[in-house]
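Notes follow the structure.
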Number of protein chains: 2
Amino acid sequence: MRKTIKDVAKASNVSIATVSLVLHNNERISLETKRRVRKSIKQLNYHPSRSAQGLVSRKTGNIGFIVTEEHFLRTEPFYTRVFLGSEFEARENDYYVLLATIKSSFKKGDPLPRFILEKNFDGIVIAGKVPEAFIESLLKYKMPIVFIDYVPPFGDFPSVLIDNLRGGILATEHLINKGYKNIAFIGGEISHPSIRERLQGYKLALERANIYNSNGNGLVVTNDEYLSRQNGYRSAEKLFLHNKDVTAIFASNNATAVGVIQYLKDNNFNIPNDISLIGFDDIEADMMIDPPLTTIRVPKVEMGTEAVQLLLNIIKTKNYTAKKILIPIELVVRESIKNINY
Amino acid sequence: MRKTIKDVAKASNVSIATVSLVLHNNERISLETKRRVRKSIKQLNYHPSRSAQGLVSRKTGNIGFIVTEEHFLRTEPFYTRVFLGSEFEARENDYYVLLATIKSSFKKGDPLPRFILEKNFDGIVIAGKVPEAFIESLLKYKMPIVFIDYVPPFGDFPSVLIDNLRGGILATEHLINKGYKNIAFIGGEISHPSIRERLQGYKLALERANIYNSNGNGLVVTNDEYLSRQNGYRSAEKLFLHNKDVTAIFASNNATAVGVIQYLKDNNFNIPNDISLIGFDDIEADMMIDPPLTTIRVPKVEMGTEAVQLLLNIIKTKNYTAKKILIPIELVVRESIKNINY
DNA sequence: TATTTTCAGTTAAACGTTTAACTAAAAAAA
DNA sequence: TTTTTTTAGTTAAACGTTTAACTGAAAATA
């Protein structure tokens, strides 16, 4: 039979209310009693029933984690890492995470994940781009929502974002410092705000360094048609068609970078001797990537934990202001860039 | 304010017990009343409180899904697909899925996932190989467990498995049918039972076809040292060191196959003109795979749904017999094999 | 000293369901 | 007709917590 608060109360000679108060570390209970009760809790291996707690406190102890099926199944485990961070942080705070995927084709009227319909959650984390129709259906539930790596085009929500602008600057400046001027930008899905911000950073860094070749001469190639790797390959193709003098490339994410590398290899360019390359994301070390890629690291797990912290804070304080957290990125130097100064 | 069973009862002029009985489709309630109550439920958008249900019925409505961190983060979204299937099937049956990852370094005494400690689940699905110490810690909770793609070395549990033997036979026979005799087997982690079974199938098929070169002449290369892709590369290296006359390769999973392809390309073998290749798994169509790989498809999503069905069945019937389900595999013909008959 | 305040708890109601036991009315059997 | 059975519900207890309101004793204040 399951141990209940009554068993603990009996074992420590107090009322069940006292046990409950000890559980919540209420200051009205003396240290001595707390010690005694806690000892019984340990001895009996007692854990409060979520159902009973939920019933009376009107909190479920669940937070929802939502991501599109496509993102969840991506070969680079980006959002899975984010999830891992969230799950960890939730666990630390006695919460469960209910993971639900939605289709990126979600439209108005489509069924929402169960736990939402049943209002069986205290807050939601949404990772990555999701359909607007989904967010709209969600809003009527009036629950705290925190976005990760995405800002919906309407409304104003708390969110955890990558400092993409800073990343774009960092990557580009690194190439400039290594002596490059003819730096190309190859972007994946330019429709994603993150990629746009990285491009912004790229432009800004060039401007700051008084390098004015970034516009109008085809050094910036973006493409929405293909999936990331293929995109990199095709974009590189397009780039070199008209630009024989490119010496360095900033690929706006690493899946794209892999495509670029493939193109360069197929066309007998050596990295970094002929072309230097910097990526963005720091996805799994991949045997296929040769040479090891210099890149901007995005701390994925941390994004997940930050989002949950933010969410739990909103739940606790009921302060719904749309706080935004910019996660700092970091340059990781490997071997895909050659110093050509002097 | 949240809608409760009382609101529904009032709206349909019955007692709350009646509403509850309607909810469970009890035959004691007339069709007429059922209709009326259901209408009110719809109108009020009523959903029963999980907490209240859980409290009285001693069921949580949760099932746990456990996978090692390493498997969860693998670049091939194998177990994530399995999870998707489980989540879908659970949702269909009004269950939530609590996903928890554990370290593959889990040892006795390490903390278990929260929902287990708190007994907040009705059953557990374990996907992929997990540490034995973990299973042992789990056993004292005496909850239904279903394994996917893994059988622990002790005990006897219900499980959903890939028909690896059949798959190994199918793959090898396909190569034989296309005219090959010098067929090599390149296996990933031979320590995994699945790989061993595929190897068994390979040997069996060769025997059946009266091809007796499979033993002792280095056509079977297995290796546990590296990760899958690298493994494929190194194994191919090893294979061709002593076997110049290999004409076809059966790679025991597709990540390994990718490594093999890389080796073949680096050494100017053409696929399928010089070497034919068959894989196993049918992971994500990958632009990097050229030519498109003929392979054995493993229905991953289906494995997830089957496991949940099996689990829910055990929960409902309380029949704990260790039923095992072998998921049929399927040959997917693409372009990595050339017919060399006549 | 008498009164008030603080301390360290306890009592009891409430949360929203399920379900065994009960019941009143209608139908079937005697 | 009376008695029994069936139908279609209702009543009320129970599940395991939280927490506002209460209490009795000890400490502080007047």
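First the proteins, then the strands, lettered A, B, ... as listed; each starts at 1.
K119(A) has its NZ atom 11 Å from the P atom of dT17(C), to the nearest Å. Atom CZ of R28(A) and atom C1' of dC22(D) are 10 Å apart (whole Å). With rounding to whole Å, D94(B) atom CG is found 12 Å from dT18(C) atom P. Taking atom NZ on K6(B) and atom C1' on dT11(D), their separation rounds to 14 Å, with Å as the unit. Between R36(A) atom CZ and dA8(C) atom P there is a gap of 13 Å when expressed in whole angstrom units. For the pair K3(B) NZ and dC15(C) C1', the interatomic distance rounds to 17 Å; values are reported in whole Å. For the pair L55(A) CG and dT18(C) P, the interatomic distance rounds to 12 Å; values are reported in whole Å. Whole-Å rounding puts the I16(A) CD1 to dT19(D) C1' distance at 11 Å.
Note that R50(B) lies in the cation-pi zone of Y96(B), set by a 6.0 Å cut-off to the ring centre and a 45° limit from the axis.
Closest to the side chain of A52(A), from the set dT10(D), dG16(C), dT17(D), is dT17(D). Comparing dT11(C), dG16(D), dT17(C) against the side chain of V56(B) picks out dT17(C) as the nearest. Here the side chain of S30(B) is nearest to one of dG16(C), dG9(D), dT17(D), namely dG9(D).
Using the six-membered ring where Trp is involved, F72(B) and F72(A) have ring planes that are tilted, between 30° and 60° apart. Note: H71(B) and Y79(B) have tilted aromatic rings, judged against thresholds of 30 and 60 degrees for the angle between ring planes.
At least one side-chain nitrogen or oxygen of S15(B) sits closer than 4.0 Å to the OP1 or OP2 atom of dT10(D). For the OP1/OP2 pair of dC15(D) and a distance below 4.0 Å, the side-chain nitrogens and oxygens of T4(A) include no atom meeting the criterion. Side-chain N/O atoms of R58(B) include one lying less than 4.0 angstrom from OP1 or OP2 on dG16(D). Between S57(B) and dT19(C) there is no side-chain N or O to OP1 or OP2 distance below 4.0 Å. Taking only side-chain nitrogens and oxygens, S20(A) comes nearer than 4.0 Å to OP1 or OP2 of dT18(D). Put simply, Q53(A) has no side-chain N or O that comes within less than 4.0 Å of OP1 or OP2 on dG16(D).
Within the 4.0 angstrom heavy-atom criterion, base atoms lie near T18(A). Among the protein residues, T33(A) comes within range of the sugar-phosphate backbone only, with heavy atoms under 4.0 Å from sugar or phosphate atoms but none that close to a base.
Taking for each of H47(A) and E27(B) the nucleotide of DNA chain D with the nearest heavy atom, the 5'-most of the two is the partner of E27(B).
The two atoms that bring T68(B) and K129(B) nearest to each other are CG2-O, 3.4 Å, heavy atoms only.
Of the charged side-chain nitrogens involved, at least one lies within less than 4.0 Å of a carboxylate oxygen, so that D110(A) and K107(A) count as a salt-bridged pair.
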